[in-house]
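In what follows, a single structure is set out as structure tokens and then discussed.
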Amino acid sequence: MLLDESASGLDEDEVARLPFSSGEFETPGGTVILVEHNFRLVLALADTIHVLAQGEIIASGAPADIEVNLVCYAEYLGVKDVGAAVAAIEADTMGPE
């Protein structure tokens, strides 16, 4: 099954109510391809992530690897230096205190 930008235009509460965001959407023996820009949703759902930029794969791996990938942060957040990228990663992954 292919899901393309399913969370587009939704706020966080609406995203949380999507059937597949809570694990209700299972496909035993099947494959789901999720094309999505909601970073947190993708990290929560995917087993393997392929990040595209300019039509090329710039990173592939497990969510934990993609979450801290400096190339992804540079491409999608415009972060150019390593110190700023690390700060952005820490701010995004630490969440509210």
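As a basis for the values below, the full set of heavy atoms in this structure was taken, side chains included, without hydrogen atoms, waters or symmetry mates.
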Spatial distance of atom CG (D4) from atom OG (S6) [nearest 0.5 Å]: 7.5 Å

Can you check whether V42 reaches P63 side chain to side chain, under 4.5 Å on heavy atoms? no

Close side-chain approach of L10 and L18, heavy atoms under 4.5 Å: yes

hydrophobic_cluster_shared for F39 and V71, side chain cutoff 4.5 Å: yes

Sequence-distant partners of E12, side-chain hydrogen bond (donor to acceptor under 3.5 Å, both in side chains), two or more places apart: none

Suppose we screen for side-chain contact (heavy atoms from CB on, under 4.5 Å). Which residues come up paired with D11, at least two apart in sequence or across chains? D13, E14

Value rounded to 0.5 Å, distance of CD in E5 from CG in L34: 8.5 Å

Under 3.5 Å, side chain of E36 to main-chain N/O of N38, donor-acceptor pair present? yes

Qualifying residues under side-chain contact (heavy atoms from CB on, under 4.5 Å), relative to A62, sequence neighbours excluded: D65

State plainly whether one hydrophobic cluster holds both V32 and V15, where clusters connect Ile, Leu, Val, Met, Phe, Trp and Tyr through side-chain heavy atoms under 4.5 angstrom apart. yes

Are L3 and V35 connected into the same hydrophobic cluster when the rule is that any two of I, L, V, M, F, W, Y join if their side-chain heavy atoms are below 4.5 Å apart? no

Mind checking the CD1-CD1 spacing from I66 to I58? Nearest 0.5 Å is all I need. 8.5 Å

